[in-house]
2 protein chains.
Amino acid sequence: MSVTAPQGFRAAGVVAGLKSSGARDVALVVNDGPLDAAAAVFTSNRAKANPILWSEQAIADGRARAVALNSGGANCFTGSFGFQTTHQTAERVAELVGVDAQDVVVCSTGLIGVGDETFRAGVLQGMTDAAAALSTEGGDDAAHAIMTTDSVAKQVHVERDGWSVGGMAKGAGMLAPGLATMLVVLTTDAVADAATLDAALRAATRVTFDRLDSDGCMSTNDTVVLLASGASGVAPTADELAAAVTAASDDLAARLQGDAEGASHDIAIEIVGAASEDDAVVVGRSIARNNLFKAAIFGNDPNWGRVLAAIGTTDAAFDPYDVDVSFNGVRVCHAGGPDRPREEVDLTPRATRILVDLRVGDAAATIRTNDLTHDYVHENSAYAS
Amino acid sequence: MSVTAPQGFRAAGVVAGLKSSGARDVALVVNDGPLDAAAAVFTSNRAKANPILWSEQAIADGRARAVALNSGGANCFTGSFGFQTTHQTAERVAELVGVDAQDVVVCSTGLIGVGDETFRAGVLQGMTDAAAALSTEGGDDAAHAIMTTDSVAKQVHVERDGWSVGGMAKGAGMLAPGLATMLVVLTTDAVADAATLDAALRAATRVTFDRLDSDGCMSTNDTVVLLASGASGVAPTADELAAAVTAASDDLAARLQGDAEGASHDIAIEIVGAASEDDAVVVGRSIARNNLFKAAIFGNDPNWGRVLAAIGTTDAAFDPYDVDVSFNGVRVCHAGGPDRPREEVDLTPRATRILVDLRVGDAAATIRTNDLTHDYVHENSAYAS
């Protein structure tokens, strides 16, 4: 039930003093092989943190032996000093673990613009301590060490016949003050090459993490990395591997959504009848990013007018007067007009399902989001950050 | 100081029972000429309310004699019955005022999906009462009759040498529950033809209403209409007219922003050093729509990291590591790194100025927005709508 569940991995999570709370804040995941194949996807934000700039290069050859992670500081917009901190982190881990620095992926999360000498010293000492604590039972500690305002550690283990995929994630759908990062480490003991891993990871993230859009705010540090040890000796097909990685990613995405800060509803916006999958995603995302819709859900109000107004801003193929909208199974809008009475809709459960039928094609997609609540505003305004 | 300030216009605002509060809810503005030139811009939302569908056709010939407005119901997604209501409204006004129905622009604001027999009867009776109350002093009543959750009536009068532009607006930057509409009526006694009016109105809205983006939520009913009576006998140049219409629009846009529901800050996001004006608008809008940034301003937090993360999502020309950001005159970010201490920034005043220098060109634009507050969430979630 963690990154150390598959064979061939050790991990650790330690206290390095980066978090004022005194909780674990430095994590290390090491792939003991025999393989060192790896793949990763990073934020598409052009404002990239130093660890992203480093890790994009480190992963470029499809190989990685370790992932070094810290909470308590994003090391973003910290200039060349910050980049050197990332570089030194990789060098330190390489020396401790006995690998090449170019095979160390680095991930950071915390406040943008912070990354001074004290931060650097804490990270480096943390890596030393983490390396000493590495264990095949260390996945749980590592998962706790990457938490920021997460209320629970998020881990997954997808078991297949003789091999498996493990994983951990941090981040809240509704992003915390300055801690706007989703970090995910996936491990597998399957035998696979880098190209197969890359294809599996991209297929998985496309329909899971990429469709989690809690507040439309894209982080500077988002990273999802997948490591393969090959220690099981089993070589699944590319499709089998992609399916398992997708299952693990979907589980973690649901956990991220479920722990979204300040949220009172986990909303699945299912778009069907679209002309293309792209159209379905565009329409779903437009609804997911509409503050009026999100506030209405917080108020348990099945406000289909706000749904139609949101999709009307897109250029997807549909006729605004031929769209159906259901809230939790009750079709309140048919053909762009009122249908069942809104009083029939029960929006009190946390799990909320919006179904939009565009009635022009056969494509579909589901976007996950959360509602806009008082607590979201509070958590993103009341703290100095 | 209203739509009846220029010569040649009468207006009225009456109680028709559409609002449960018993306040004025039907307004009528009539152009007594001698000219009947007019221009209008409408929401770009593809989900258009019935009054929009009607008015786009009515204004197509560049002529209008009257604008009939109601609050208490948006008449949007109310099907053919709703379109007939709009049509009957225009017919009723045409008969009462002695003009052609095709010269009556209709505007509605209120909840989407509501527009039954009772609503229709109320609107029609309201128009009858409003026609009987028309007066050259009626502008203030009309401005009150189009209010929804606005806390103040919004009016303007821009005086020039022998002619002027008057106007009224309704809407809150932060949109009200289901009442997601901005309606603006501008009047002038200048002598101008429809093409000149249209050019002046588009030039004005492009840099005023189009750059007011309080919560990224686009209405189904937005309308800005400009009527010219020619009663002054003065024919300004096209540039003079455009400047006066822009001044009036800018004043009303500022009033809309200042009355934004739930807002505690009026934020001007000024982008300079952009490669093009389009780039400046894209960057400014990206910041204006970032909930984390908006919540930070509510918390009086000069969080420049959220500004950089927001602009990093655009494809505008800039180097993330060569951008300056100032909050209320204090440059807290220089060349993509920390500059002055954030403690030097005072964000307690309601008027807030964000200056972003992209340092790649000479183009600039300013986007107006508001902060994301507890009251915004409350007002858009707590009411049944």
Side-chain angles (χ1 to χ4, degrees), chain A residues 44-48 74 76-79 111-114 175 177-178 180 215-220 289-293 295-301 303-306 308-315 318 320-321 333 335-338 371-374 376-385, chain B residues 44-48 74 76-79 111-114 175 177-178 180 215-220 289-293 295-301 303-306 308-315 318 320-321 333 335-338 371-374 376-385:
Chain A
S44 59
N45 198 310
R46 291 169 61 198
K48 296 182 197 298
C76 181
F77 292 119
T78 45
L111 184 62
I112 290 174
V114 171
L175 302 173
D215 62 358
C217 296
M218 182 190 291
S219 158
T220 54
R289 292 187 173 178
N290 187 282
N291 279 350
L292 292 173
F293 163 77
I297 297 297
F298 172 51
N300 296 331
D301 172 18
N303 197 314
W304 59 268
R306 294 181 185 179
L308 291 185
I311 70 177
T313 65
T314 73
D315 57 4
F318 69 91
Y321 295 95
C333 167
D371 51 350
L372 179 59
T373 70
H374 289 301
Y376 176 84
V377 174
H378 178 69
E379 297 188 24
N380 287 294
S381 66
Y383 303 120
S385 62
Chain B
S44 58
N45 198 309
R46 292 169 59 197
K48 296 181 195 301
C76 181
F77 292 117
T78 45
L111 185 61
I112 290 174
V114 170
L175 301 172
D215 62 359
C217 297
M218 183 190 290
S219 158
T220 55
R289 292 186 175 179
N290 187 282
N291 279 351
L292 292 174
F293 163 77
I297 297 296
F298 171 52
N300 296 331
D301 171 17
N303 197 314
W304 59 268
R306 295 181 185 179
L308 291 185
I311 70 178
T313 66
T314 73
D315 57 4
F318 69 90
Y321 295 94
C333 168
D371 51 350
L372 179 59
T373 69
H374 290 300
Y376 176 84
V377 175
H378 178 70
E379 297 187 25
N380 287 294
S381 66
Y383 303 119
S385 62

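All chains are named by letter (A, B, ...) in the order of the sequence lines, taking the proteins before the strands, and each is independently numbered beginning at 1.
- Between A:F77 and B:G336, the shortest heavy-atom contact is CD2-O, 2.9 Å.
- The line from CG of B:L111 to CZ of A:R306 is 8.5 Å long, rounded to the nearest 0.5 Å.
- Across all their heavy atoms, A:P320 and B:A47 have their closest contact at CB-CA, 4.1 Å.
- From B:H378, atom NE2 reaches atom OG1 of A:T373 across 14.0 Å, with rounding to the nearest 0.5 Å.
- Taking both residues in full, the closest heavy atoms of B:V377 and A:A295 are given as O-CB, 4.4 Å, listed atom of the first, atom of the second, then distance.
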Show your reasoning for whether side chain to side chain contact (heavy atoms under 4.5 Å, CB included) applies to B:I311 and A:R46.
-> CA-CA 8 Å; B:I311 70 178; A:R46 291 169 61 198; over 6 Å; no

Take B:N291 and A:Y376 through the test side chain to side chain contact (heavy atoms under 4.5 Å, CB included) and record every step on the way to the result.
-> CA-CA 10 Å; B:N291 279 351; A:Y376 176 84; 3.6 Å; yes

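- With sequence neighbours excluded, no residue forms a ring-ring contact (aromatic ring centres under 6.0 Å, His included) with A:F318.
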